[in-house]
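Following: one structure in structure tokens, then a few remarks.
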Amino acid sequence: MEKFLKTLKRHIAEHPPNFGDGESVLTMLYECHNENNPYDNEQIHADFNELYQQMNGMPLREMDNIIYPVCKLCRDHEKAGFIEGIRLGILLAQEVAP
């Protein structure tokens, strides 16, 4: 078994996995989950409508300068929460496992 694990580790070191646009398996898991389970709900739509109302009268370019960073911030926050939730779940599973 030790020989197999050594060979496997060497193979992975020589041929690192390709995560595509993701930095890790957790990132890939988040991307897959997010594509198949969008988080758009009524509260999010209401919040964005409120933001758009507050920007009423602004030139479109100015609105874009606000909306794009807000959307990136929301996505980054959602991704971080998802990844930390998975990590916490793994720790919990290790603690309760016999």
Side-chain angles (χ1 to χ4, degrees):
M1 183 63 132
E2 290 293 323
K3 183 179 175 183
F4 173 74
L5 288 175
K6 229 183 234 184
T7 303
L8 183 59
K9 286 178 184 179
R10 186 178 66 243
H11 177 77
I12 291 171
E14 292 171 1
H15 305 92
N18 179 2
F19 297 123
D21 292 337
E23 307 101 37
S24 68
V25 174
L26 284 175
T27 303
M28 288 175 43
L29 182 61
Y30 164 76
E31 296 295 338
C32 181
H33 181 269
N34 195 42
E35 283 180 24
N36 293 296
N37 300 289
Y39 290 106
D40 289 343
N41 62 32
E42 293 302 315
Q43 184 61 51
I44 291 172
H45 287 282
D47 292 344
F48 268 99
N49 283 336
E50 183 180 336
L51 179 60
Y52 283 122
Q53 287 174 5
Q54 300 221 359
M55 293 187 304
N56 191 16
M58 282 184 175
L60 187 56
R61 191 166 309 276
E62 239 180 275
M63 290 174 70
D64 286 347
N65 287 337
I66 294 170
I67 290 296
Y68 292 147
V70 166
C71 290
K72 183 177 182 330
L73 175 65
C74 292
R75 182 162 167 82
D76 290 347
H77 183 73
E78 175 186 337
K79 178 179 165 184
F82 179 88
I83 290 172
E84 289 307 310
I86 295 292
R87 287 183 177 143
L88 183 60
I90 291 169
L91 288 173
L92 178 62
Q94 290 173 345
E95 285 182 16
V96 298

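Computation of the quantities below employed the complete heavy-atom set of this structure, encompassing side-chain atoms and omitting hydrogens, waters and symmetry-equivalent molecules.
When side chains are defined from C-beta on, I67 counts as touching Y52, because their heavy atoms get closer than 4.5 Å. Residues R87 and E84 have side chains in contact (heavy-atom distance under 4.5 Å, counting atoms from C-beta outward).
Listed by chain and number, the residues in a salt bridge (Lys or Arg N to Asp or Glu O under 4.0 Å) with K72 are D76 (sequence neighbours excluded). With sequence neighbours left out, E62 forms a side-chain hydrogen bond (donor to acceptor under 3.5 Å, both in side chains) with no residue at all. D64 meets the side-chain hydrogen bond (donor to acceptor under 3.5 Å, both in side chains) test with no other residue; sequence neighbours excluded.
No chain of hydrophobic side-chain contacts below 4.5 Å, direct or via other Ile, Leu, Val, Met, Phe, Trp or Tyr residues, connects L73 to Y68.
Q43 and D47 form a side-chain donor-acceptor contact under 3.5 Å, judged by distance and modelled atom types alone.
Separation of atoms SG (C32) and CD (E35) is listed at 6.5 Å; rounding is to 0.5 Å. Taken from CE in M63 to CE in M58, the straight-line distance is 8.0 Å, to the nearest 0.5 Å. Atom OG1 in T7 sits 8.0 Å away from atom CZ in F4 (nearest 0.5 Å).
The 12-atom threshold is not exceeded at NE2 of H77, counting heavy atoms of other residues, nucleotides or ligands nearer than 6.0 Å. Enclosure of atom CD in E14 by more than 12 non-hydrogen atoms of other residues, nucleotides or ligands within 6.0 angstrom is indicated.
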Inset, instruction - Output, in order, the C-alpha distance, side-chain angles, deciding distance and verdict of salt bridge (Lys or Arg N to Asp or Glu O under 4.0 Å) for E31 and R75. - result: CA-CA 11 Å; E31 296 295 338; R75 182 162 167 82; 2.6 Å; yes
Legend entry - Intermediate values then yes/no, side-chain contact (heavy atoms from CB on, under 4.5 Å), F82 and L29: CA-CA 9 Å; F82 179 88; L29 182 61; 4.1 Å; yes
